[in-house]
Amino acid sequence: MLFETWGANDDEVRGAVVGDDLVPSARLTATRAITIDAPPSAVFPWLRQMGFGRAGWYSYDWIDNLGRRSAEVILPEWQQVGTGDVIPGGGPVGFEVARADEPHALVLRLASTGGVSGRIGFSLAYDLRDRDGSTRLVSRVRARVDLPGGRLIERGLLGPGDGIMVRRQLLNLAERATQNG
């Protein structure tokens, strides 16, 4: 599917991305990528401040940020993020920071989901690769939903929907990091 590999080359799609081990039996693996004309050290602060009620998700704000515009500047109050921290996703969804390796990687996984914990595996990785002063930002989603209709959720809803949102997110991140370093 187009949105499952948007912007990624064959090596990125087939190759390993940090955080792949968090959902080892994923049925959905989607790799998206973009080249940003700024070094990883200028891109990472934008990732670190993401989240609902924080700087936003840089995607379609009317969907994933309840109409509140995502930040267009680096916000110092959201720059302290470490492994184990919880990032609000919006509504009942939250993400735990599985890995924060500045400026190389930020990996989020679905935080405890109450009664279905253990039946939904989801990770979202941002792998920042230095390319002679620019950044190749490779994003990977891995998911497995072991609930009734799980395969439909993975392939019919999550894959395309997440792909559209992440594409917009990567484009907006590139614009912000390039213009506002």
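For reference, positions follow the sequence shown, starting with 1. In this text, all values refer to a predicted model and were calculated from it rather than measured experimentally. The figures here come from the full heavy-atom set of this structure, side chains too, leaving out hydrogens, waters and symmetry mates.
Using a 4.5 Å cut-off on side-chain heavy atoms (C-beta onward), Arg32 and Thr5 make no contact. Counting only heavy atoms from C-beta outward, the side chains of Trp6 and Ile34 approach each other to under 4.5 Å. Inter-residue side-chain proximity for Tyr60 and Ile164 is flagged as met; some heavy-atom pair is nearer than 4.5 Å. Under the 4.5 Å side-chain criterion, counting only non-hydrogen atoms from C-beta, Val86 is not in contact with Phe95. Using a 4.5 Å cut-off on side-chain heavy atoms (C-beta onward), Glu12 and Val17 make no contact. Counting heavy atoms from C-beta outward, Arg129 and Val138 have side chains that approach closer than 4.5 Å.
Of the N and O atoms on the side chains of Arg54 and Gln49, not one donor lies less than 3.5 Å from an acceptor on the other residue. Side-chain polar atoms of Glu72 and Tyr58 form no donor-acceptor pair below 3.5 angstrom.
In the displayed structure, Glu77 atom CD is contacted under 6.0 Å by more than 12 heavy atoms of other residues, nucleotides or ligands. Enclosure of atom CG in Asp37 is not indicated, since only 12 or fewer non-hydrogen atoms of other residues, nucleotides or ligands lie within 6.0 angstrom. The local environment of CZ in Arg69 is sparse, with at most 12 non-hydrogen atoms from other residues, nucleotides or ligands closer than 6.0 Å.
The nearest pair of heavy atoms linking Trp57 to Ile87 is CH2-CG2, 4.0 Å. In terms of heavy atoms, Pro40 sits closest to Pro103 at CB-O, 3.5 Å. Closest non-hydrogen pair, Leu75 versus Ala55, comes out as CD1-CB, 4.1 Å. Of all heavy-atom pairs spanning Val18 and Asp127, the tightest one is N-OD2, 3.6 Å. Minimum interatomic distance between Leu106 and Ala100 (heavy atoms only, all atoms of both residues): CD1-CB, 4.1 Å. For the residue pair Ala177 and Ala38, the shortest heavy atom distance occurs at O-CB, 3.9 Å.
Listed for the Glu96 side chain is no donor-acceptor partner under 3.5 Å among the backbone atoms of Leu108.
The structure places CH2 of Trp46 at 4.5 Å from CD1 of Ile74, a figure rounded to the nearest 0.5 Å. Rounded to the nearest 0.5 angstrom, Asn172 CG and Arg167 CZ are separated by 10.0 Å. The CD1 atom of Ile36 sits 12.5 Å away from the CZ atom of Arg131 when rounded to the nearest 0.5 Å. In this structure, CZ on Arg136 lies 13.5 Å from CG on Asp130, to the nearest 0.5 angstrom. Rounded to the nearest 0.5 angstrom, Leu173 CG and Met50 CE are separated by 7.0 Å. Atoms CZ and OG, on Arg142 and Ser123 in that order, are 6.5 Å from each other to the nearest 0.5 Å.
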Does the side-chain hydrogen bond (donor to acceptor under 3.5 Å, both in side chains) test come out yes or no for Arg140 and Thr31, once each step is laid out? CA-CA 4 Å; Arg140 177 164 293 161; Thr31 306; 2.8 Å; yes
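Salt-bridge annotation for Asp146 and Arg27: present, with a side-chain N of the basic residue lying under 4.0 Å from a carboxylate O of the acidic one.
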